[in-house]
2 protein chains.
Amino acid sequence: MIRTMSRTPLHPTREQIELPMVLDCLSDPIRLAIVYQLAQQERVSSELCCGDFSGLSGKSNLAYHFAKLRECGLMLTRVAGTNRFMRLRREDLEARFPGLLDAVLSSAAKDADRLQLLSECEVVKAD
Amino acid sequence: MIRTMSRTPLHPTREQIELPMVLDCLSDPIRLAIVYQLAQQERVSSELCCGDFSGLSGKSNLAYHFAKLRECGLMLTRVAGTNRFMRLRREDLEARFPGLLDAVLSSAAKDADRLQLLSECEVVKAD
DNA sequence: CCCTATGTTCAATGTTTATTGAACTATCGA
DNA sequence: TCGATAGTTCAATAAACATTGAACATAGGG
């Protein structure tokens, strides 16, 4: 029984993205924080890798949440060597659910303290 | 041990409304359909009672979902005799999370078929 | 070629969730 | 006062979910 590490993670097509799944994904505080952090970073590099989220939870738990975010269509994973780079599927989400992602993100920003989200400067990637 | 039926259901204050709870509430297809139906009805009467949702599920399951919607701050319940009238907490939601409810509702409207939501004419209250 | 770093997969655990039917409360009207 | 109507509460169940640690896969650098 060989266990392989998928080099081409599954992503739903734009049309396959479902509203309830997206909302459910965003309703988990850890996943919301991941999405928020990806959005913050967009202006700089648009991509982050798993290790950049180590403040949020343990590795295996993060992998679980990454999979959910991928499978519901919120983000895209690109494998590069031993790293996996992730970015938001902004255009696809905007096409399917106009205004939704931004409404969620700005709502989250308003409650950043309550949601224990990192402020922008804290998110800057270590080099 | 006396079981009472609360005449003044608990509602969170505006400030107590939390984003993850709201998103989680809206991520359930039945609750999303309830909220959608309430929004459709707003132009006509702004209130609906439990029986108006009997197409969505059984009575006790609906009561369960109504409680969740109330407790997360999405809707308000007013007791009147043997009926409970419900309406969306539009203003509170708009104040806490600007644009969010409308983004969800218009996203849901786009996917009305997929989400098996009733079209506007089907929602009109029976007399 | 081995060691390390990055991240995934699996199994096990305990918690939360949705759904059902039956029992119950409360109100209205005849 | 009796019955019908509207809706809640409870208990039980099965399914889904989040979290943990250990084992594994993969790639890169000495």
Side-chain angles (χ1 to χ4, degrees), chain A residues 1-11 18 20-34 47-72 75-87 116 125-127, chain B residues 1-11 18 20-35 47-72 75-86 116 125-127:
Chain A
M1 186 57 153
I2 296 175
R3 230 168 8 173
T4 50
M5 225 155 108
S6 77
R7 217 156 337 292
T8 53
L10 278 182
H11 297 87
E18 302 271 7
M21 282 181 162
V22 167
L23 294 175
D24 184 53
C25 246
L26 293 170
S27 76
D28 180 276
I30 291 186
R31 290 192 293 261
L32 183 57
I34 292 170
E47 283 187 324
L48 284 177
C49 66
C50 307
D52 296 319
F53 301 93
S54 59
L56 296 174
S57 185
K59 287 192 335 173
S60 67
N61 189 226
L62 284 177
Y64 165 74
H65 287 299
F66 292 149
K68 294 225 121 186
L69 286 165
R70 242 189 347 256
E71 286 159 15
C72 88
M75 69 180 208
L76 204 129
T77 301
R78 178 175 68 86
V79 179
T82 173
N83 288 298
R84 270 119 205 266
F85 290 101
M86 300 181 290
R87 65 171 185 276
Q116 298 187 288
K125 201 172 169 181
D127 58 339
Chain B
M1 187 60 154
I2 295 175
R3 232 170 5 176
T4 51
M5 225 156 105
S6 77
R7 218 158 339 292
T8 54
L10 278 182
H11 297 88
E18 303 271 7
M21 281 181 163
V22 167
L23 294 175
D24 185 53
C25 246
L26 293 169
S27 76
D28 180 275
I30 290 186
R31 290 193 293 262
L32 183 58
I34 292 170
V35 167
E47 284 186 324
L48 284 176
C49 65
C50 307
D52 296 319
F53 301 92
S54 58
L56 297 174
S57 186
K59 287 194 333 173
S60 67
N61 188 225
L62 284 177
Y64 165 75
H65 288 299
F66 293 148
K68 293 224 123 186
L69 287 164
R70 240 186 351 254
E71 286 159 14
C72 86
M75 69 182 209
L76 204 129
T77 303
R78 178 175 67 86
V79 179
T82 174
N83 288 299
R84 270 120 204 267
F85 290 101
M86 300 182 290
Q116 298 187 286
K125 202 173 169 182
D127 58 339

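Chain A is the first sequence line, chain B the second, and so forth, proteins listed ahead of strands; every chain is numbered from 1.
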* Structure fact -> Residues at least two apart in sequence or cross-chain that pass ring pair (Phe, Tyr, Trp, His ring centres under 6.0 Å) with Tyr64(A), listed by chain then number, are none
* Asked: Which distance, rounded to the nearest 0.5 Å, do you find between the CZ of Arg70(B) and the CZ of Arg84(B)?
  -> 7.5 Å
* Would you indicate which nucleotide in dT8(C), dT8(D), dG7(D) comes nearest to any side-chain atom of Asn83(B)? => dG7(D)
* **Shortest non-hydrogen contact from Leu62(A) toward Ser57(A)** => CD1-O, 3.6 Å
* What is the distance from CD of Glu71(A) to P of dT8(C), rounded to the nearest Å? -> 12 Å
* To do: Would you give the length of the straight line joining atom CG of Leu48(B) to atom CZ of Phe85(B), rounded to the nearest 0.5 angstrom?
  => 9.0 Å
* Asked: In whole angstrom, what separates Leu69(A)'s CG from dA18(D)'s P?
  -> 10 Å
* Structure fact -> Value for CE (Met86(B)) from CZ (Arg78(B)), rounded to nearest 0.5 Å, stands at 11.5 Å
* Asked: Is Leu76(A) close to Arg87(A) at the side-chain level, that is, under 4.5 Å between some pair of heavy atoms?
  -> yes
* Which letters describe nucleotides 14-19 of chain C, given B = protein heavy atom under 4.0 Å from base, S = only from sugar-phosphate, - = neither? -> ---SBB
* Excluding sequence neighbours, so at least two apart, what forms side-chain hydrogen bond (donor to acceptor under 3.5 Å, both in side chains) with Asn83(A)? -> none
* Minimum heavy-atom distance Ile34(A)-His65(A), with the two atoms named -> CD1-CB, 4.2 Å
* Which stems does DNA chain D form, counting runs of 3 or more consecutive Watson-Crick or G-U wobble pairs with both distances under 3.5 Å? -> C:1-30 with D:1-30
* May I have the distance from Arg78(A) (atom CZ) to dG7(C) (atom P), rounded to whole angstrom? => 12 Å
* Asked: So which heavy atom on Val79(B) is nearest to which on Gly81(B), and how close?
  -> CG1-O, 3.9 Å
* Structure fact -> Between CD of Glu47(A) and P of dT6(C) the distance, given in whole Å, is 17 Å
* Let me know the distance between CG of Leu10(A) and C1' of dT8(C), rounded to the nearest Å. => 14 Å
Kindly list each side-chain donor-acceptor pair under 3.5 angstrom involving residues 21-30 of chain A, sequence neighbours excluded, with atom names and distances?
| unit_1 | atom_1 | unit_2 | atom_2 | d |
| --- | --- | --- | --- | --- |
| Ser27(A) | OG | Asp24(A) | O | 2.7 |
| Asp28(A) | OD1 | Ile30(A) | N | 2.9 |
| Asp28(A) | OD1 | Arg31(A) | N | 3.1 |

Dump every N/O contact between nucleotides 26-30 of chain D and the protein below 3.5 Å, one line per pair.
| unit_1 | atom_1 | unit_2 | atom_2 | d |
| --- | --- | --- | --- | --- |
| dT26(D) | OP1 | Arg7(A) | NH2 | 3.3 |

* Asked: Rounded to whole angstroms, how far apart are NZ on Lys59(B) and C1' on dG7(D)?
  -> 6 Å
* To do: Please state how far atom CG in Leu62(A) lies from atom P in dT9(C), giving the value in whole angstrom units.
  => 14 Å
* Asked: NA contact type, Gly51(B), heavy-atom cut-off 4.0 Å: base, sugar-phosphate, or nothing?
  -> sugar-phosphate
* Asked: Can you find a heavy atom in the side chain of His11(A) that is under 4.5 Å from one in the side chain of Pro9(A)?
  -> yes
* Rounded to whole angstrom units, what separation is found between the CG atom of Leu56(A) and the P atom of dT20(D)? -> 13 Å
